[in-house]
Amino acid sequence: MSKKKSLFGWLFFFVFVTVVAFLATSWLLPKETTKLEQATAEKVQASNQKTSIHYVAIGDSLTQGVGDETQQGGFVSLVADKLKDQYGLATVHAQNEGVAGERSDQILKRINQDEALQKEISEADFITATFGGNDLLKVIQKNILSLSVKTIENSEASYQKNSLALLERIRELNPTAPVYILGIYNPFYLNFPEITDLQTVVDNWNKATEEVVDDQSNMYFIPINDLLYKGVDNKVGITKTSDSETSSSSETTSDETSGTVENNALYEGDKFHPNAIGYQLMAKAVKDELVKTKSHWLIKE
């Protein structure tokens, strides 16, 4: 009888240990499985990733890179380099089709007349576009003697019509590639902070562009006004004192008579276009949006 009890005891112990081991394994396994699934997913994504990217940049002087002291092509080349490094791409072919001074209607006309450019757009994995600044400048010059926020607002509908025609033509040539449209900025704000209407005009012009972009499929508006107004590290420009000493300033007022205010993100040659640092700020904004939407341009179909 004692042998039976002993045998039963060992059997019970064996079953107990087996159950405990099973439960422990079951509790630990999901964690290991999750890690394995994540690693597998990363490998699958990497295998589905394109190795070469065709990037077409269309637009005005901001696309061309006017003001970039390095002569490397402004934000366009920077975006291409950043993407190549981040995703280990073999090549990022960046086709810079920026022409200084062009308005939205002139960019559209150029596309319609240039078959080679049409082909570039149709084969692009993604597209960036800069326009609107010269459109606004034309309105300001035309109404220079009677300039007001209301006057500019009266021209927004015509501008939106031209912008829509341009974006629809791009989408006609390339039905699937994401398109990233950069806004415009106010380069005069630091030197003329008292002209508050000008910033209102720029804000409204950007809103007009954004409204058109938001109505399109797979198109994204990227604001840059705050980036170029605030300058590097959000310092809001650099104040130069009368004795040529420089100091960073987080606030600028209209009664600063002891020195001039300069934006450290703008080109010293014209105080209008971005400099190399300004284009770096723009490139980061564009790259950040590209990263968020990488499934639309990086992953193979």
Side-chain angles (χ1 to χ4, degrees), residues 57-67 74-75 98-111 127-170 179-216 219-231 236-237 263 265-267 270-274 278-279 281-282 285-286 289:
I58 187 77
D60 51 27
S61 58
L62 292 184
T63 293
Q64 184 176 328
V66 174
F75 77 89
V99 175
E102 285 196 339
R103 303 183 306 271
S104 55
D105 59 316
Q106 293 173 317
I107 297 171
L108 174 60
K109 182 178 180 180
R110 176 157 57 97
I111 291 174
I127 300 162
T128 61
T130 61
F131 58 84
N134 294 310
D135 298 71
L136 177 57
L137 184 59
K138 180 182 178 181
V139 176
I140 292 175
Q141 291 172 337
K142 185 178 179 181
N143 300 279
I144 192 66
L145 298 178
S146 58
L147 189 62
S148 67
V149 173
K150 186 63 177 178
T151 303
I152 302 298
E153 287 177 347
N154 293 335
S155 301
E156 286 177 6
S158 177
Y159 164 66
Q160 285 184 314
K161 182 179 179 181
N162 291 337
S163 299
L164 177 60
L166 171 59
L167 296 182
E168 286 182 338
R169 179 56 173 147
I170 292 174
V179 184
Y180 304 87
I181 296 89
L182 284 74
I184 64 172
Y185 60 97
N186 175 9
F188 307 111
Y189 189 83
L190 287 175
N191 287 316
F192 305 100
E194 69 278 6
I195 309 179
T196 56
D197 281 356
L198 188 56
Q199 186 56 51
T200 301
V201 165
V202 170
D203 289 340
N204 291 344
W205 206 254
N206 276 325
K207 289 178 182 177
T209 305
E210 189 170 7
E211 287 175 1
V212 175
V213 174
D214 286 346
D215 286 338
Q216 311 308 306
M219 293 192 180
Y220 308 89
F221 179 79
I222 303 175
I224 62 171
N225 184 65
D226 285 351
L227 292 177
L228 296 180
Y229 153 58
K230 293 179 179 179
V236 194
N263 190 324
L266 296 185
Y267 175 49
D270 61 16
K271 301 183 187 299
F272 185 88
H273 290 94
Y279 280 118
L281 297 173
M282 292 171 62
V286 174
E289 191 65 35

Test of understanding: with side chain to side chain donor-acceptor pair (under 3.5 Å), list the residues that count as partners of [X], not counting sequence neighbours.
X: Tyr159; result: Thr209
X: Asp215; result: none
X: Glu210; result: none
X: Ser148; result: Thr151

Problem - N/O donor-acceptor pair under 3.5 Å between Arg103 side chain and Leu137 backbone - result: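 No; zero donor-acceptor contacts below 3.5 Å.
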
Are [X] and [Y] side-chain neighbours, meaning at least one heavy-atom pair lies under 4.5 Å?
X: Phe75; Y: Leu182; result: yes
X: Ile152; Y: Thr200; result: no
X: Asn186; Y: Asn225; result: yes
X: Leu62; Y: Pro274; result: yes

Problem - Qualifying residues under salt bridge (Lys or Arg N to Asp or Glu O under 4.0 Å), relative to Glu289, sequence neighbours excluded - result: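 Partners of Glu289 under the salt bridge (Lys or Arg N to Asp or Glu O under 4.0 Å) test: Lys292.
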
Exercise for the section: Taking ring pair (Phe, Tyr, Trp, His ring centres under 6.0 Å) as the test, write out the residues that go with Tyr267, two or more places apart. Expected result: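 For Tyr267 there are no ring pair (Phe, Tyr, Trp, His ring centres under 6.0 Å) partners, ignoring immediate neighbours.
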
Practice task
Using the test ring pair (Phe, Tyr, Trp, His ring centres under 6.0 Å), find all partners of Tyr220 that sit at least two apart in sequence or belong to another chain.
Solution key: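 Per chain and number, Tyr220 pairs via ring pair (Phe, Tyr, Trp, His ring centres under 6.0 Å) with Tyr180.
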
Only counting residues at least two apart or in another chain, list the ones meeting side chain to side chain contact (heavy atoms under 4.5 Å, CB included) with [X].
X: Val179; value: Ile127, Ile170, Arg171, Ile181, Met219
X: Glu168; value: Leu164, Gln216
X: Ile184; value: Leu136, Val202, Trp205, Asn206
X: Ala100; value: Ser61, Gln64, Val66

Measuring from [X]:[atom1] to [Y]:[atom2], what's the distance to the nearest 0.5 Å?
X: Asn162; Y: Lys109; atom1: CG; atom2: NZ; result: 13.0 Å
X: Leu228; Y: His273; atom1: CG; atom2: NE2; result: 11.5 Å
X: Phe131; Y: Asp60; atom1: CZ; atom2: CG; result: 9.5 Å
X: Arg110; Y: Leu166; atom1: CZ; atom2: CG; result: 10.0 Å
X: Thr128; Y: Met282; atom1: OG1; atom2: CE; result: 9.0 Å

Handout entry: Test side chain to side chain contact (heavy atoms under 4.5 Å, CB included) applied to Val286 and Ile222, step by step
Key = CA-CA 7 Å; Val286 174; Ile222 303 175; 4.1 Å; yes

Problem - side chain to side chain donor-acceptor pair (under 3.5 Å): pairs with one or both residues in residues 134-143, sequence neighbours excluded - result: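 For residues 134-143, and leaving out neighbouring residues, the side chain to side chain donor-acceptor pair (under 3.5 Å) pairs sorted by first residue read Ser104-Asp135.
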
If you look at every heavy atom in [X] and [Y], which pair is closest and at what distance?
X: Gly65; Y: Tyr279; result: C-OH, 3.3 Å
X: Glu102; Y: Gln106; result: CA-OE1, 3.2 Å
X: Ser163; Y: Val212; result: C-CG1, 4.3 Å

